[in-house]
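Here's the structure we're looking at; comments come further down.
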Amino acid sequence: MQIQTKYGPVHVLTACPLLDSTETLQFLTEVHENYDGSEDRLNLRDRARQTLSFNYVNFHKAMGDMFHMLYANLRKLWGIPFVQSKQFFNTVDDDFIQLDTSLCIADFNQSYSLIDGELIEIIEIGRYVITGYDEDDQPILEYQDGFKLNKSIDASNTYITPLRICIIDGDVSIAASGFYARQDIAFRVIDEDCPEITGEIPPQYQDHDIYFKCLLLEGDSLSMTLQQHQVVIDGDLGGFQDFANWKAPRYLKPFKSLLKNQNEYFEFKNFLFRRLGKYNAFWLPLYEKHLNVVSAGNAWIEVDNDYVIEADRKHIAVKINDIWSAHEITSKTKNDDNTRLNITPALNAAWSEVQSVCYLGLYRLAADTAEFSFLGAGVSQTNIPIVELNT
């Protein structure tokens, strides 16, 4: 199918397979490392670049049709329905579709979408309607969430699907026999059509976003690395010396997420847009049981671990009644074999109500690129490394 857009003619591939397809979001951050291990980070790209990869399998006549389309238009513009973000609606009022846009707005801020194969353009998000008049005969306005379209449509109980305007990134790999062919194609979305978001600000702690999302194990454990700068001076003839510039180690670990439905997928993408790649830091519990708590009061906990004072960590997370909270360690006191950690704010709960205590870390993403793998039935998966910063 060929359509006319403000970019010119675009060839639309309406049957994009979801299974084994991937979506890649790529930001751009420049990280300057200081002598002590602290960082200065520069954001070089406010909007993510997006790449969509598919494996097309077709037979007989469809195999030939696909070949001729690719041969004639390999370096032209392509339209890819982004089915991963399609939204169901049952209410349409001429040129306005009522639906909740709070999570999906990043994927629908582009101009073009498809409804039952018909090309439409989203020109505005939400609208105000008059629901009545007050005693001064002034109109009472009510906000309705949804999409304002460039024309009236005749559709209901169906889906609206964002349309990505793309180029084919690189060459097309083809595996063919006498009666079927498989094409592996990567589409790079043009910059004007890439997703972006200015969504709601999540909960804050000390001027950074804070999340309490659990980490998924890789099998029965999670492979992590404790790293610190090291220089070894060795002349081979005698002894050797070493030194480190960083004032503290960094904790590197994978941030793997299994997103079981579309809402979880949207929420994680919003998390990525908030991060802007490696640029914006965020708080996250370490979750490991590094603190063996033997007693606690309202504003202190006591642990019997060695080297707690020397480790010089400053923040903890506490889980009470299935709710996590963040606390700062204000001071540490050695008492015989135990160490008392004074914390703020206070727990405001009995020790018997505390379910878990762990360190709280300030992290950033350790990569500017995140890839979503779509596994079918609305399930997707992503894995991106994160690194704890010195605080």
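Counting begins at 1 with the first residue of the sequence. Since this is a predicted model, take the numbers as computed values, not measurements.
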Checklist entry - Are any side-chain N or O atoms of N280 and backbone N or O atoms of R274, one a donor and one an acceptor, separated by less than 3.5 Å? => result yes

Next on the checklist: Could you tell me if S156 and N90 have a donor-acceptor pair between their side chains, going purely by distance under 3.5 Å?
Outcome noted: no

Checklist entry - With the threshold set at 4.0 Å, does a side-chain nitrogen-carboxylate oxygen contact exist between E121 and K6? => result no

Checklist entry - According to a 4.5 Å side-chain heavy-atom criterion applied to Ile, Leu, Val, Met, Phe, Trp and Tyr, with indirect links allowed, do L222 and L258 form part of one hydrophobic cluster? => result no

Checklist entry - Are L291 and V294 connected in a single hydrophobic cluster, I mean Ile/Leu/Val/Met/Phe/Trp/Tyr linked by side-chain heavy atoms less than 4.5 Å apart? => result no

Checklist entry - Should E39 and L389 count as side-chain neighbours, where that means a heavy-atom distance under 4.5 Å? => result yes

Next on the checklist: Determine whether K332 and E310 satisfy the following criterion, salt bridge (charged side-chain N to carboxylate O under 4.0 Å, His left out), listing intermediate values before the conclusion.
Outcome noted: CA-CA 10 Å; K332 303 177 184 180; E310 289 85 346; over 6 Å; no

Checklist outcome for this item: Taking every heavy atom of Y143 against every heavy atom of G126, the minimum-distance pair comes out as OH-CA, 3.3 Å

Next on the checklist: Parallel, tilted or perpendicular: which one describes the rings of F374 and F82, with boundaries at 30° and 60°?
Outcome noted: perpendicular

Item to check | Atom CZ of F240 with >12 non-hydrogen neighbours under 6.0 angstrom | outcome: no

Checklist entry - Is there a donor-acceptor pair under 3.5 Å between the side chain of T29 and the backbone N or O of K278? => result yes

Checklist entry - Once the angle between the rings of H208 and W283 is folded into 0 to 90°, is it parallel (under 30°), tilted (30 to 60°) or perpendicular (over 60°)? => result perpendicular

Item to check | Charged tip of K148 within 45° of F96 ring normal and under 6.0 Å | outcome: no

Checklist entry - Counting N and O atoms only, with roles assigned by atom type, does the side chain of D193 sit under 3.5 Å from a partner on the main chain of V189, one being a donor and the other an acceptor? => result no

Next on the checklist: For the NZ atom on K260, are there more than 12 heavy atoms of other groups (residues, nucleotides or ligands in this structure) within a distance under 6.0 Å?
Outcome noted: no

Checklist entry - Any sub-3.5 Å donor-acceptor pair from N298's side-chain atoms to N348's backbone N or O? => result yes

Next on the checklist: Please determine whether the number of non-hydrogen atoms from other residues, nucleotides or ligands lying under 6.0 Å from atom NZ of K61 exceeds 12.
Outcome noted: no

Item to check | side chain to side chain contact (heavy atoms under 4.5 Å, CB included) between L18 and V83, worked out | outcome: CA-CA 8 Å; L18 286 182; V83 183; 4.2 Å; yes

Next on the checklist: side chain to side chain donor-acceptor pair (under 3.5 Å) for D20 and N55? Distances and angles first, verdict last.
Outcome noted: CA-CA 7 Å; D20 290 333; N55 297 322; 5.0 Å; no

Next on the checklist: Apply side chain to side chain donor-acceptor pair (under 3.5 Å) to residues R250 and Q227 and explain how you reach the verdict.
Outcome noted: CA-CA 5 Å; R250 292 179 180 176; Q227 60 178 203; 5.0 Å; no

Next on the checklist: Over 60° means perpendicular and under 30° means parallel, so tell me whether F179 and F59 are parallel, tilted or perpendicular.
Outcome noted: parallel

Checklist entry - Would a line drawn from the ring center of F147 to the ring center of F108 be shorter than 6.0 Å? => result yes

Checklist entry - Within the distance-only criterion (no hydrogens, no angle test), does the side chain of E353 pair as donor or acceptor with the backbone N or O of A350 below 3.5 angstrom? => result yes

Item to check | Single-linkage hydrophobic cluster V57~L13, side-chain heavy atoms < 4.5 angstrom | outcome: no

Next on the checklist: With clusters defined by side-chain heavy atoms of hydrophobic residues (ILVMFWY) lying less than 4.5 Å apart, directly or transitively, does V31 cluster with L28?
Outcome noted: no

Next on the checklist: Restricting to non-hydrogen atoms, name the atom on R164 and the atom on P162 that form the minimum distance, rounded to 0.1 Å.
Outcome noted: NH1-CB, 3.8 Å

Checklist entry - Taking everything shown except D154 itself, do over 12 heavy atoms lie less than 6.0 Å from its CG? => result no

Item to check | Side-chain heavy-atom pair L42, H32 within 4.5 angstrom cut-off | outcome: yes

Checklist entry - Just by modelled atom types, is the L252 backbone N or O under 3.5 Å from a matching donor or acceptor in the E388 side chain? => result no

Item to check | Exceeds 12 heavy-atom contacts within 6.0 angstrom, atom NE2 of H68 | outcome: no

Item to check | Heavy-atom side-chain proximity of I3 to L163 below 4.5 angstrom | outcome: yes

Checklist entry - For the side chain of R47 and the backbone of D191, is there at least one donor-acceptor N/O pair under 3.5 Å apart? => result yes

Item to check | Within 6.0 angstrom of Y71 OH, more than 12 heavy atoms from elsewhere | outcome: no

Next on the checklist: Looking only at the side chains, is there a donor atom on one of Q381 and Y265 sitting less than 3.5 Å from an acceptor on the other?
Outcome noted: no

Checklist entry - Under 3.5 Å, is there a donor-acceptor pair between the T330 and N342 side chains? => result no

Checklist entry - Just by distance, do the side chain of Q228 and the backbone of W246 share a donor-acceptor pair under 3.5 Å? => result yes

Next on the checklist: For the aromatic rings, using the six-membered ring if either is Trp, is the centroid distance between F271 and Y211 under 6.0 Å?
Outcome noted: yes

Item to check | Stepwise side chain to side chain contact (heavy atoms under 4.5 Å, CB included) check, T333 with W300 | outcome: CA-CA 11 Å; T333 306; W300 56 270; over 6 Å; no

Checklist entry - Does the side chain of E371 pick up a donor-acceptor pair with the side chain of N383 at under 3.5 Å? => result no

Next on the checklist: Determine whether D100 and F89 satisfy the following criterion, side chain to side chain contact (heavy atoms under 4.5 Å, CB included), listing intermediate values before the conclusion.
Outcome noted: CA-CA 9 Å; D100 182 7; F89 68 91; over 6 Å; no

Checklist entry - Are side-chain heavy atoms of V129 and T131 found at a separation under 4.5 Å? => result yes

Checklist entry - Do C16 and I80 touch side chain to side chain, with heavy atoms closer than 4.5 Å? => result yes

Checklist entry - Taking it one step at a time, do D107 and S85 satisfy side chain to side chain donor-acceptor pair (under 3.5 Å)? => result CA-CA 7 Å; D107 286 324; S85 295; 2.6 Å; yes

Checklist entry - Would you say R45's side chain and Q26's backbone share a donor-acceptor pair under 3.5 angstrom? => result yes

Item to check | Side-chain ion pair, K269 and E264, N-O less than 4.0 Å | outcome: no

Checklist entry - CG of D171: more than 12 outside heavy atoms within 6.0 angstrom? => result no

Checklist entry - Using 30° and 60° as the class limits, which term best fits the ring planes of Y287 and W324: parallel, tilted or perpendicular? => result perpendicular

Item to check | Side-chain H-bond candidate by donor/acceptor type, D145 with Q98, under 3.5 Å | outcome: no

Item to check | Between Q84 and Q262, a side-chain donor and acceptor under 3.5 Å | outcome: no

Checklist entry - In terms of hydrophobic clustering (I, L, V, M, F, W, Y; side-chain heavy atoms under 4.5 Å; direct or indirect links), are I320 and V303 co-clustered? => result yes

Item to check | Distance-only polar pair, side chains of N338 and D304, donor-acceptor under 3.5 Å | outcome: no

Item to check | I123 vs D95, side chain to side chain contact (heavy atoms under 4.5 Å, CB included): CA-CA, chis, key distance, verdict | outcome: CA-CA 10 Å; I123 59 176; D95 61 352; over 6 Å; no

Next on the checklist: If you define the side chain from C-beta out and look only at heavy atoms, does anything of Y159 sit under 4.5 Å from Q87?
Outcome noted: no

Checklist entry - Is a side-chain donor or acceptor of R41 paired with a backbone partner of Y279 at a separation under 3.5 angstrom? => result yes

Next on the checklist: Would you say CZ of R188 has more than 12 non-hydrogen atoms from neighbouring residues, nucleotides or ligands within 6.0 angstrom?
Outcome noted: no

